[in-house]
Amino acid sequence: MAQLAQSFFRRPVLEVAPELLGKQLVRSLPAGDVFRYRITEVEAYDGSADLACHASRGKTPRTAVMYEPGGVWYVYLVYGMYHMLNIVTGESGYPAAVLIRGVETISGPGRLTKKLFINKTLNQKKAIKHNGLWIEDDGLAVSAFAVTRTPRIGVAYAKEWAEKPYRFVWQT
DNA sequence: ACGATGATGAAC
DNA sequence: TTCATCATCGTA
């Protein structure tokens, strides 16, 4: 089907994030299994000025991937236990990414990565079929009226940035 | 309501 | 080299 091109992700994160709702996250495993899940919940992390964004403390070994041109995965471990799946967005040099927080039938970013066998081996890899994890557009239209914007989860430390409505939830 | 569990980044 | 801090979840 229509795999999203790298150019789709090389745009401002606040444009890309809501457009990912309703798209299909596709995972293929070496054994041949293919899983498809429609994306229902995302969060935008927008540049070094955004105090909730990991790149707010500058470029480090962990955050370097966020400075790459959009279209690569950013996977990291939180709370010593769960992997978080993000897709890097925007132009080269501007650190931004979309956290994929939930898909149809799986809620919660930690449970999502566990179920799809996603770990740091995918970090910095392009979101293309060849790498076993990519996103497809099958033509489904998501009504803007079915999308709710709220503040992001778990970022209370980010001062005024904690309140910004950068979380997008699609009511199916 | 809280503990598990380890990488990360900043301070010392 | 040590320490506080986490983009969470399951059990209580």
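Numbers restart at 1 for each chain; the letters A, B, ... are given by sequence-line order, proteins then strands.
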Whole angstroms only, please: what is the [atom1]-[atom2] distance between [X] and [N]?
{"X": "A:Met81", "N": "C:dT11", "atom1": "CE", "atom2": "P", "answer": "12 Å"}
{"X": "A:Ile118", "N": "C:dA7", "atom1": "CD1", "atom2": "C1'", "answer": "15 Å"}
{"X": "A:Tyr157", "N": "B:dA10", "atom1": "OH", "atom2": "C1'", "answer": "16 Å"}
{"X": "A:Leu77", "N": "B:dG9", "atom1": "CG", "atom2": "C1'", "answer": "15 Å"}
{"X": "A:Lys114", "N": "C:dA7", "atom1": "NZ", "atom2": "P", "answer": "20 Å"}
{"X": "A:Leu51", "N": "C:dT5", "atom1": "CG", "atom2": "C1'", "answer": "15 Å"}
{"X": "A:Ile153", "N": "C:dT8", "atom1": "CD1", "atom2": "C1'", "answer": "11 Å"}
{"X": "A:Arg152", "N": "C:dA7", "atom1": "CZ", "atom2": "C1'", "answer": "9 Å"}

A:Arg11 charged N/C atom sitting above A:Phe9 aromatic ring, 6.0 Å / 45°:
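Geometry flag: not set, cation outside 6.0 Å or 45°.
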
Do any N or O atoms from the side chain of A:Trp161 and from the backbone of A:Ala49 form a donor-acceptor pair under 3.5 angstrom?
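Yes; judged by distance alone, with no hydrogens or angles, the pair exists.
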
Tell me which nucleotide among B:dG6, B:dG9, C:dA7 gets nearest to the side chain of A:Met84.
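The closest nucleotide is C:dA7.
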
As a test of reading the structure: which of C:dT8, B:dA7, C:dG10 is closest to the side chain of A:Arg111, going by heavy atoms?
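Shortest atom-to-atom distance from the side chain points to C:dG10.
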
Would you check if there is a donor-acceptor pair between the side chains of A:Thr148 and A:Gln171 at a distance under 3.5 Å?
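There is such a pair between these side chains.
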
Check whether any side-chain N or O of [X] sits under 4.0 Å from OP1 or OP2 of [N], and answer yes or no.
{"X": "A:Arg167", "N": "C:dA7", "answer": "no"}
{"X": "A:Tyr74", "N": "C:dA7", "answer": "no"}
{"X": "A:Lys115", "N": "C:dC9", "answer": "no"}
{"X": "A:Arg62", "N": "B:dG9", "answer": "yes"}
{"X": "A:Arg57", "N": "B:dT8", "answer": "no"}
{"X": "A:His54", "N": "B:dT8", "answer": "no"}

Which is more 5' along DNA chain B, the nucleotide nearest A:Tyr82 or the one nearest A:Thr60? Just name the residue.
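Residue closer to the 5' terminus by nearest nucleotide: A:Tyr82.
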
Contact between [X] and [Y] at the side-chain level, heavy atoms closer than 4.5 Å - yes or no?
{"X": "A:Leu4", "Y": "A:Lys23", "result": "yes"}
{"X": "A:Val75", "Y": "A:Asn86", "result": "no"}
{"X": "A:Tyr82", "Y": "A:Arg111", "result": "no"}

Looking for any heavy atom pair under 4.0 Å, which part of the strands does A:Gly80 touch: base, sugar-phosphate only, or nothing?
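Answer is base: heavy atoms of A:Gly80 come under 4.0 Å of a base.
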
What is the nucleic acid contact for A:Leu99, judged by heavy atoms within less than 4.0 Å: base, sugar-phosphate only, or nothing?
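The residue A:Leu99 makes base contact.
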
Is there a stack between A:Tyr45 and C:dA7, judged by ring centres under 5.5 Å and planes under 30°?
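Here the ring of A:Tyr45 and the base of C:dA7 are stacked, with centres under 5.5 Å and planes under 30°.
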
Suppose we call a contact any N or O donor and acceptor under 3.5 Å apart; does that hold for the side chain of A:Tyr76 and the base of C:dA7?
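Indeed, a donor on one side and an acceptor on the other fall under 3.5 Å apart.
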
Pairing partner of B:dT5 (Watson-Crick or G-U wobble, both distances under 3.5 Å):
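For B:dT5, the partner nucleotide comes out as none, under the 3.5 Å rule.
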
Nucleotide paired to C:dA7 in any strand shown, Watson-Crick or G-U, under 3.5 Å:
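Base partner found: none.
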
